Amino acid sequence: VQLQASGGGLVQAGGSLRLSCAASGRTFSIDSMGWFRQAPGKERATVAAISWSGGSTYYADSVKGRFTISRDSPKSTVYLQMNSLKPEDTAVYYCAATSRGSRWYVTPRSDAYNYWGQGTQVTVSS
């Protein structure tokens, strides 16, 4: 599975961005996809994840109510709509996919993900 992320950029606090992650290759093997982020000096953290069935999602407490993860199965693409962005959302965002879980229940832990895309920088200015 190959993953191509896009959509990062610079935005003012309170603004919005939408990240996209297109999967290709053995997409039939995907069970969950997720977005993770890593800020300078911090560990990588799970932001949001979605089961490939779409029926199960996970959000980090810090983004609940502001971010929405969704997927377009025919396009094998996952989106992360980020609203009300804060400076603390500044990080490199990575999309990832796992074939090690369940299609019906989301896998939130990053160490369960075995396919990773390149990162995309999100910078929120105050």
Side-chain angles (χ1 to χ4, degrees):
V1 175
Q2 294 78 45
L3 303 173
Q4 181 68 45
S6 61
L10 173 64
V11 64
Q12 288 188 332
S16 298
L17 283 173
R18 189 176 82 153
L19 305 182
S20 300
C21 180
S24 60
R26 298 171 60 89
T27 58
F28 60 85
S29 67
I30 295 174
D31 293 318
S32 289
M33 289 186 69
W35 288 96
F36 306 82
R37 67 187 182 187
Q38 188 166 21
K42 295 188 177 181
E43 293 186 354
R44 184 175 60 194
T46 305
V47 176
I50 187 167
S51 62
W52 206 235
S53 70
S56 178
T57 56
Y58 167 87
Y59 293 94
D61 288 342
S62 59
V63 306
K64 283 180 181 177
R66 300 189 297 124
F67 291 11
T68 303
I69 190 169
S70 61
R71 94 276 182 263
D72 183 332
S73 293
K75 294 183 178 180
S76 298
T77 299
V78 170
Y79 304 97
L80 184 68
Q81 178 65 44
M82 305 186 293
N83 298 329
S84 302
L85 283 161
K86 304 176 181 180
E88 51 264 43
D89 294 318
T90 295
V92 177
Y93 284 69
Y94 299 90
C95 71
T98 180
S99 59
R100 298 172 176 169
S102 164
R103 292 204 159 205
W104 307 106
Y105 301 101
V106 66
T107 303
R109 291 178 52 125
S110 63
D111 57 4
Y113 284 71
N114 49 336
Y115 302 104
W116 290 83
Q118 87 287 3
T120 185
Q121 177 71 45
V122 171
T123 302
V124 185
S125 63
S126 56

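If you're wondering where the values come from, they're calculated on a predicted model, not measured in any experiment.
The nearest pair of heavy atoms linking Leu85 to Arg66 is CA-NH1, 3.9 Å. Here the closest heavy-atom approach between residue Phe67 and residue Val47 is recorded as CD2-CG1, 3.6 Å. When all heavy atoms of Arg37 and Ser62 are compared, the closest pair comes out as NH2-OG, 3.4 Å. Summarising the geometry of Cys21 relative to Met33, their closest heavy-atom pair is SG-CE, 3.7 Å, with the distance given to 0.1 Å. Among all heavy-atom pairs drawn from Gly8 and Val122, the shortest one is CA-CG2, 4.1 Å. Closest approach of Ala5 to Trp35, counting heavy atoms only: CB-CH2, 4.1 Å.
Between the CG atom in Leu17 and the CD atom in Gln81 there is a gap of 8.5 Å [rounded to 0.5 Å]. Atoms OG and CH2, on Ser110 and Trp116 in that order, are 5.0 Å from each other to the nearest 0.5 Å. With rounding to the nearest 0.5 angstrom, the CD1 atom of Ile50 is 8.5 Å from the OG atom of Ser32. Separation of atoms CG (Leu3) and OG1 (Thr77) is listed at 10.0 Å; rounding is to 0.5 Å. For the atom pair OG1 (Thr98) and CZ (Arg109), the distance works out to 11.5 Å, reported to the nearest 0.5 Å. Taken from OH in Tyr58 to OG1 in Thr107, the straight-line distance is 12.0 Å, to the nearest 0.5 Å.
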Show the numbers, then the answer: is there a side-chain contact (heavy atoms from CB on, under 4.5 Å) between Ser53 and Trp104?
CA-CA 6 Å; Ser53 70; Trp104 307 106; 3.3 Å; yes
Applying side-chain contact (heavy atoms from CB on, under 4.5 Å) to Met82 and Asp89, what does each step give before you reach the verdict?
CA-CA 10 Å; Met82 305 186 293; Asp89 294 318; over 6 Å; no
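Remark: the backbone N or O of Ile69 is paired with a side-chain donor or acceptor of Tyr59 at under 3.5 angstrom. No donor-acceptor pair closer than 3.5 Å links the side chain of Ser99 to the backbone N or O of Ser29. A donor-acceptor pair under 3.5 Å is absent between the side-chain atoms of Ser76 and the main chain of Ala22, judged by distance alone. For the pair Ser56 (side chain) and Tyr105 (backbone), a donor-acceptor distance under 3.5 Å is absent.
Within the structure, the salt bridge (charged side-chain N to carboxylate O under 4.0 Å, His left out) test picks out the following pairs touching residues 6-31 (sequence neighbours left out): Asp31-Arg103. Among residue pairs with one or both ends in residues 71-86, none qualify as salt bridge (charged side-chain N to carboxylate O under 4.0 Å, His left out); sequence neighbours excluded.
Residues Val124 and Glu88 are not in side-chain contact: their nearest non-hydrogen atoms beyond the backbone lie 4.5 Å or more apart. The shortest side-chain heavy-atom distance between Val106 and Thr57 does not fall under the 4.5 Å cut-off.
Between the side chains of Ser6 and Gln4, no donor-acceptor pair of N or O atoms lies under 3.5 Å.
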